[in-house]
Amino acid sequence: MNGASSKRVLGIGLLVGSILLLPNQASLSFAEEPAAPTTQEVVAAIKRRAQQILEERRKARRLRFSGEVSQGISYEKNPANAAERNGDWYSEESLYLSLSKKLTPTLSWQTSYSGSFDKYFEYGDGTYTSQTLTPVKLTWQPGRMWRADAGVDLGDTWYPSSGPSNYREIKPSIGLRQNLWGRWFHAVRYEWFVRHYISKRARDGAGLDTLTPREDTRHRFRYELGTTWKEALLKVKQEWYFHDSNDARQDFYDAQDYKLTASVNRPITKKLSANASYSYELKNYLHRQVSGITAESRYDDTQIWTISGTYDFNKTWSIGSSFSHTSLNSNDPTGDYVDWTATTSLTAHF
């Protein structure tokens, strides 16, 4: 067979093979192509999606209730903040309740109550009850980048064995948070409170009690910067406040305060998480004099180290433990003290 004949035979073979394979390829192509949905199916899918969206919105706008109750036991080395450091055990029972509701897709309302009772076994003056009611807190989140909130707290603190320390307060606040690049965020907050002492009187310039109950006011500004790195939440918080009292004896409680706090929180396992923090606080009294010195105002430097961990048994029960160390150095030697506290608590969430 010459070259021309070979080419003709090869061409005929390829043509026949293509014809034989064409039906199989065509049937395979038609089998892989899905059938176009009918008009009725499209309308039904749209209705199902609309119903799903409506149901999600109904769930989001329902009144939600949550809370937790906790029982703890602690040992504090220096509850009186004195030089002798006489330690004591104390128990703490606490309760937190919250109601929330989504008013609009971007606006939420919340009310909450928190209360605690700390009872020292021997140091009776340290036993106290603290309660805070937040009747209204509004949170507005127009998008993923911004969140703003505003609310007011009503507080009551009662010392059974130390009547002059009992007080009530009202504290409105407002805050704004912005998400930055990547996982970074920052937030600002302003708080103001007025504190009314129930049985303690304000003093005059000579140190004598007046007929007016003592009242304190405080302006607090806070700035916070944070990020998430390798599952760890890192935050740095700066606070500044100005405290003013109507006690006129050397303006004893008037002070400016600057506080810096750094913290890290990281999950160790799915159920175990750990937290560590350090804070430095500088309090400058405006006119409170150092003992025995009339020309120098007092200042206090306070450092606090804290480590803690939480283990979640399940969605309801968790156990936590913490250790904190506090040291205060002052230019008034009578104010120096060192303290540490170890705590273990069991919490039920609902």
Side-chain angles (χ1 to χ4, degrees), residues 76 78-86 88 90 116-120 122-133 152-173 190-221 239-259 281-302 326-339:
E76 186 172 0
N78 188 8
N81 297 338
E84 57 269 18
R85 293 200 243 175
N86 294 323
D88 192 11
Y90 70 91
S116 65
F117 175 61
D118 288 25
K119 178 175 177 55
Y120 285 84
E122 297 181 6
Y123 178 57
D125 287 349
T127 297
Y128 73 97
T129 299
S130 178
Q131 301 181 85
T132 301
L133 174 65
V152 59
D153 297 337
L154 307 176
D156 180 272
T157 301
W158 180 60
Y159 290 82
S161 301
S162 183
S165 299
N166 300 336
Y167 63 84
R168 297 188 180 100
E169 68 180 16
I170 178 171
K171 181 172 66 176
S173 64
Y190 167 73
E191 298 174 349
W192 174 82
F193 77 59
V194 56
R195 179 177 295 172
H196 174 80
Y197 286 81
I198 300 172
S199 59
K200 189 170 186 177
R201 302 296 179 180
R203 296 176 296 180
D204 60 19
L208 301 176
D209 287 348
T210 66
L211 298 178
T212 304
R214 175 185 162 187
E215 286 191 351
D216 295 356
T217 60
R218 178 179 295 183
H219 300 270
R220 185 197 298 270
F221 299 90
E239 297 176 88
W240 176 87
Y241 74 73
F242 173 74
H243 191 96
D244 181 63
S245 175
N246 64 348
D247 191 307
R249 175 58 177 169
Q250 296 183 7
D251 290 326
F252 202 72
Y253 302 100
D254 295 354
Q256 291 185 359
D257 191 289
Y258 174 80
K259 185 176 182 180
E281 182 177 1
L282 173 61
K283 179 181 291 186
N284 291 314
Y285 291 92
L286 300 184
H287 304 287
R288 182 172 173 176
Q289 297 170 355
V290 177
S291 301
I293 303 176
T294 59
E296 185 176 0
S297 297
R298 173 174 167 172
Y299 67 82
D300 295 342
D301 288 337
T302 306
T326 303
S327 64
L328 186 148
N329 295 311
S330 174
N331 61 342
D332 189 336
T334 62
D336 293 348
Y337 72 86
V338 176
D339 185 21

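Owing to the predicted nature of the structure, the values given are computational and were not obtained by experimental measurement.
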Trainee: Going by heavy atoms in the side chains, are K283 and T302 under 4.5 Å from each other?
Mentor: no

Trainee: Are N331 and R298 close enough that some pair of their side-chain heavy atoms sits under 4.5 Å apart?
Mentor: yes

Trainee: With distance as the sole test, does S245 use its side chain to make a donor-acceptor pair with the main-chain N or O of Y253 at under 3.5 Å?
Mentor: no

Trainee: Donor-acceptor pair, distance only, cut-off 3.5 Å: does the side chain of T132 make one with the backbone of G155?
Mentor: no

Trainee: Test your reading of the model: is there a side-chain donor-acceptor pair from T210 to the backbone of A202, 3.5 Å cut-off?
Mentor: yes

Trainee: Would you say E191 and Y241 make side-chain contact, with heavy atoms under 4.5 Å?
Mentor: no

Trainee: For the residue pair T217 and W192, establish whether any side-chain heavy-atom pair is separated by less than 4.5 Å.
Mentor: yes

Trainee: If we ignore angles and hydrogens, is there a donor and acceptor under 3.5 Å between the side chains of Q250 and Y285?
Mentor: no

Trainee: Regarding D300 and S330, is there a side-chain donor-to-acceptor distance under 3.5 Å anywhere?
Mentor: yes

Trainee: Are any of the side-chain heavy atoms of P79 and Y120 separated by less than 4.5 Å?
Mentor: yes

Trainee: Quick one: do the D216 and H243 side chains pair a donor with an acceptor below 3.5 Å?
Mentor: yes

Trainee: Report yes or no: do S291 and D332 form a side-chain donor-acceptor pair below 3.5 Å?
Mentor: yes

Trainee: State whether the number of non-hydrogen atoms from other residues, nucleotides or ligands found under 6.0 Å of R168 atom CZ is greater than 12.
Mentor: no

